[in-house]
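Each remark here refers to the structure printed beneath this line.
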Protein chains: 2
Amino acid sequence: MAEREVDRSVSQTVKAQLALRDQILSGALRPGERISELQAVETTGASRTPVRMALVRLEEEGLLEAIPSGGFMVKAFSERDISDSIELRGTLEGLAARFAAERGVSARELEPLKECLAAIDELLRQVPISVDAFSSYVTLNARFHALLTELSRSPPLIRQIDRASALPFASPSGFVMAQSALPEAQQILIIAQEHHRVVIDAIENREGARAEAVMREHARLAVRNLRLALRNRTHLDLLPALALIKTATD
Amino acid sequence: MAEREVDRSVSQTVKAQLALRDQILSGALRPGERISELQAVETTGASRTPVRMALVRLEEEGLLEAIPSGGFMVKAFSERDISDSIELRGTLEGLAARFAAERGVSARELEPLKECLAAIDELLRQVPISVDAFSSYVTLNARFHALLTELSRSPPLIRQIDRASALPFASPSGFVMAQSALPEAQQILIIAQEHHRVVIDAIENREGARAEAVMREHARLAVRNLRLALRNRTHLDLLPALALIKTATD
DNA sequence: TGTATGCGTTATGTATACAATAGCGTAGAG
DNA sequence: CTCTACGCTATTGTATACATAACGCATACA
């Protein structure tokens, strides 16, 4: 092997996958652009085999698209693709909440969710919310959604939700950040927190339909606000992977 | 290159993927069993690189599971995993039906669906249904579901539904075949056909909620019947990928 | 001047060689 | 007799060499 420097702590495939994902989400690679394997080899430091494995994984993840004649290109998304993805995730999370409610959840399992809820309450007490607090909010919110998903105890569903969240704008953190660009941001967070509270209450009382409904409403709220945020494209540097949105088309 | 025979009509990667999937679904590889790359190379006729790409794709598809220490094993599913997967797909198809209804569908787009419906009606007129007719039914039913999915015009949703159908028992054909083992099979097909009729009617009349509800009911029917079919394990040779079900655990 | 064809370059698809690690078996000692 | 440690083997992870196909450019002919 040449003078290539190898980091043996993580596999080359994973390293390449992370590096490429970073390049895509940071906008270094534009949507529609073909990804050159050779170039990827240079920028990631891995050799062609792990790079190819990473490309296949990223394609399955939905960030890349196979070109019929060979190779991969960065996928481009329309605004509707994005809102559909959010609604899609909301639907799946709704199902997860219903499963949790119908199948029953012990008080012990609900504990971390309630802690999350309380922590978010604490943050929202600040008006206006500080930048640091907002950053904590993003983390806590992601944690809340992840815990809720787990409550379903359904590996196939959890898997699908993870896949649906792979697209950055469809992840809990993603759309929260997008919404933060809106002037009504704080009000929105308060409504969202109310949703969180209701879903836990519904699960506790084993009301599956109500638990499901509130999660879907939660997503619809996100879709509405994302639309607004995309209208007034101010402070949109916070919106992750804005680079993935198709420019002129659709 | 040695005397290896190469089929140049399809890529080696695709060939390997198909061959391996076949081996898994046919039960040649048992759930939990580790897949040896070398062995896969021999049985598929491709070399290690395309085999590895195929393995990664099959993992993303959900048929394989990565082993932490390296390599892949055939994934095993519990009975609940299976019924959850069906309900999951039903939920997604419900969303697709709602999208179709809310966004509007032209008469021309609905045409193929109605043809499908009529063809199935024709088949169901036979009592009892012949083996050939049942086989046609499986194809037509799969086509109906695929067309319905397309009506949503939502690439992200279509993609997710495809993924959710990757597991054979969660695909439209899969659970129809499973249900066929039941004595009430014909009655079930008639109820299912009624669902098909209702969802088209709802889409035509732009009743999103009704379209969604009927698809979910459609899936719940499938879940109930699959449970029954798994109880009386007679004639279960028709059930695809029964081999994937965990034997003793869960 | 425009188009078509052919050749050359470049990138991807495939195969295989090399490296490293994990699992297993055996042997030795307590 | 059992447990531990060492080494071997088998299998995966990685790198690279080779084959092939696609794209572009240049040239020639209409």
Side-chain angles (χ1 to χ4, degrees), chain A residues 1-21 23-24 28-61 63-75, chain B residues 1-21 23-24 28-61 63-75:
Chain A
M1 201 183 64
E3 70 293 340
R4 185 190 298 282
E5 300 199 12
V6 207
D7 178 1
R8 300 237 167 267
S9 63
V10 289
S11 83
Q12 297 295 300
T13 304
V14 171
K15 195 179 75 176
Q17 190 175 352
L18 293 174
L20 286 172
R21 188 175 8 223
Q23 288 180 35
I24 296 166
L29 298 164
R30 321 280 318 174
E33 187 175 343
R34 185 189 195 122
I35 287 196
S36 155
E37 274 185 16
L38 218 60
Q39 192 181 319
V41 163
E42 282 171 16
T43 58
T44 64
S47 75
R48 278 190 64 209
T49 305
V51 161
R52 283 176 71 75
M53 304 245 303
L55 291 174
V56 170
R57 289 205 137 93
L58 289 168
E59 182 205 353
E60 302 286 340
E61 225 172 80
L63 252 41
L64 296 181
E65 203 174 343
I67 300 172
S69 68
F72 299 91
M73 56 179 263
V74 180
K75 204 158 171 180
Chain B
M1 200 182 62
E3 69 295 339
R4 185 188 299 281
E5 299 197 13
V6 206
D7 178 1
R8 302 236 169 266
S9 62
V10 289
S11 81
Q12 297 295 301
T13 304
V14 171
K15 195 180 75 176
Q17 191 175 352
L18 292 175
L20 286 172
R21 186 174 11 221
Q23 288 180 34
I24 297 167
L29 298 164
R30 323 279 321 171
E33 189 175 341
R34 185 187 196 126
I35 287 195
S36 155
E37 275 184 16
L38 218 60
Q39 191 180 321
V41 164
E42 281 171 16
T43 58
T44 63
S47 75
R48 277 189 66 208
T49 306
V51 162
R52 281 175 74 74
M53 305 243 302
L55 290 173
V56 170
R57 289 203 137 94
L58 288 168
E59 183 205 353
E60 303 287 339
E61 226 173 78
L63 252 41
L64 297 181
E65 203 173 343
I67 301 172
S69 68
F72 298 93
M73 54 179 261
V74 180
K75 205 159 168 178

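Throughout, protein chains are lettered first and strands after them, A, B, ... in sequence-line order, and every chain is numbered starting at 1.
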Tell me every residue that passes side chain to side chain contact (heavy atoms under 4.5 Å, CB included) with [X], counting only those two or more places apart in sequence or in another chain.
| X | value |
| --- | --- |
| A/A54 | A/A16, A/Q17, A/L20 |
| A/I67 | A/R34, A/S69, A/M73 |
| A/E37 | A/R48, A/R52, A/L55 |
| B/L18 | B/V14, B/R21 |

Worksheet item: Roughly, in whole Å, what's the span from CE in B/M73 to P in D/dT11?
Response: 18 Å
Worksheet entry | Whole angstrom value for the distance that separates C1' of D/dT11 from CD of B/E33 |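 For the pair B/E33 CD and D/dT11 C1', the rounded distance is 15 Å.
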Item to complete: Look at the side-chain N and O atoms of A/S47 and state whether any lies under 4.0 Å from the OP1 or OP2 oxygen of D/dA15.
Response: yes
Could you write out each protein N or O paired with an N or O of nucleotides 6-13 of chain C at a distance under 3.5 Å?
residue, atom, partner, partner atom, Å
C/dT12, OP1, A/I35, O, 3.3
C/dT12, OP2, A/E37, N, 3.3
C/dG13, OP2, A/R52, NH1, 2.8
C/dG13, OP2, A/R52, NH2, 3.0
C/dG13, N7, A/R48, NH2, 2.9
C/dG13, O6, A/R48, NH1, 2.9

Worksheet item: For A/E59, what residues pass the salt bridge (charged side-chain N to carboxylate O under 4.0 Å, His left out) criterion, not counting sequence neighbours?
Response: B/R57
